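Input: a single structure, listed below in structure tokens.
If you're wondering where the values come from, they're calculated on a predicted model, not measured in any experiment. In this chain, residues are counted from 1 in sequence order.
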Amino acid sequence: MIFLKTEDEIELLRQSNLLVGKTLGEVAKLIKPGVTTKELDKVAEEYIRDNGAIPTFKGFPNQYGNPFPASICTSVNDQVVHGIPNDIPLKEGDIVSVDCGTSMNGFCGDSCYTFPVGEVSLEVMQLLKTTKEALYLGIRHAVHGKRVGDIGFAIEECCESKSYGVVREFVGHGIGREMHEDPIVPNYGKKGSGVLLKKGMCIAIEPMIAMRDRQIYIEDDGWTVRTRDGKPAAHYEHTVAIGVGKADILSSFEYVEQVLGDKAI
């Protein structure tokens with residue numbers, strides 16, 4: 001069932017999503033060679049709780065009923081999504097996708113940003129730029145009267161035109177009082193197909209794009225998703241409210257990009 005949100009509910013969603021953006025900004029201050037993803041997780045959880053929210057990822061069950069053990073997902077290099085923070089230091093040239101969710105005042109926030117660690121190769125940087133570009137191309141279609149397939153088509157066309165692989169097994173989603181609501185929002189699709197978008201719908205759009213082949217597998221931990229060919233993958237995500245003529249982006253990369261300065265993607 002798809003729940004349409006009132007203007008007041010959308011503002012509550014915005015508050016929770018802006019906290020996600022600020023949390024990603026705090027994490028951005030720490031990302032450099034030698035830092036562990038467990039350190040990033042500790043800072044993120046403290047910041048979320050200090051601001052009166054709870055991290056929605058912590059304890060969230062997977063398909064096997066196993067709870068996620070951390071407050072953020074940290075997916076490094078060929079990890080596509082749902083990477084578990086650990087004690088392995090990040091290295092120069094790595095990339096790390098930090099996916100973050102909050103719950104505050106009864107509504108959820110959800111956003112992700114992929115960070116370069118130090119200097120990365122031009123090939124990897126182009127993957128990051130294209131994935132982020134695809135996110136915003138998809139958001140252009142998050143308007144009243146369009147369909148979910150229009151979003152997916154825009155993302156797929158942008159990425160496949162550059163020979164990147166669009167991961168299909170993991171998708172965007174509706175969001176509101178629950179982190180995952182209807183409808184699902186694939187990163188591929190046909191123009192004019194799928195669920196009709198209406199004002200008041202709120203969705204998370206999140207392209208997960210592989211450097212080459214889109215095939216993936218899940219590690220034995222039941223969470224971490226990797227590319228089969230071992231090539232890097234990028235992941236960017238915004239939560240948006242469907243608008244008339246223009247989408248309303250509820251999350252924010254502003255705080256991350258203030259920290260990154262001229263190194264922002």
Please tabulate, for side-chain N and O atoms in residues 98-106, each donor-acceptor pair with protein atoms closer than 3.5 Å (sequence neighbours left out).
residue : atom : partner : partner atom : Å
Thr102  : OG1  : Ser16   : O            : 2.9
Thr102  : OG1  : Ser16   : OG           : 2.8
Asn105  : ND2  : Gln15   : OE1          : 3.2

Would you tabulate the side-chain donor-acceptor contacts of residues 203-214 under 3.5 Å, counting partners in other chains and residues two or more places apart, or write 'none'?
residue : atom : partner : partner atom : Å
Glu206  : OE1  : His235  : NE2          : 2.8
Glu206  : OE2  : His173  : NE2          : 3.3
Arg212  : NH2  : Glu123  : OE2          : 2.9
Asp213  : OD1  : Gln215  : N            : 2.8

For Glu178, all residues meeting side-chain hydrogen bond (donor to acceptor under 3.5 Å, both in side chains), sequence neighbours excluded: none

With sequence neighbours excluded, residues passing salt bridge (charged side-chain N to carboxylate O under 4.0 Å, His left out) with Lys32: none

Under 3.5 Å donor-acceptor pairs involving side-chain atoms of residues 158-166, not counting sequence neighbours:
residue : atom : partner : partner atom : Å
Ser161  : OG   : Glu157  : O            : 3.1
Ser161  : OG   : Cys158  : O            : 2.8
Tyr164  : OH   : Leu127  : N            : 3.4

Nonpolar side-chain network containing Phe153, other nodes, edges under 4.5 Å: none

Where at least one partner belongs to residues 203-232, residue pairs that pass ring pair (Phe, Tyr, Trp, His ring centres under 6.0 Å), sequence neighbours excluded: Phe68-Trp223, His82-Trp223

Listed once per pair and sorted, the ring pair (Phe, Tyr, Trp, His ring centres under 6.0 Å) pairs that draw on residues 83-111, sequence neighbours left out: none

Qualifying residues under ring pair (Phe, Tyr, Trp, His ring centres under 6.0 Å), relative to Tyr47, sequence neighbours excluded: none

Set of salt bridge (charged side-chain N to carboxylate O under 4.0 Å, His left out) partners for Glu39, sequence neighbours left out: none

Pairs flagged by ring pair (Phe, Tyr, Trp, His ring centres under 6.0 Å) wherever residues 10-35 is involved - sequence neighbours left out: none

Extract all donor-acceptor atom pairs below 3.5 Å that involve side chains of residues 18-27 and protein atoms in other chains or at least two apart in sequence.
residue : atom : partner : partner atom : Å
Thr23   : OG1  : Leu19   : O            : 2.8
Glu26   : OE2  : Lys29   : NZ           : 3.0

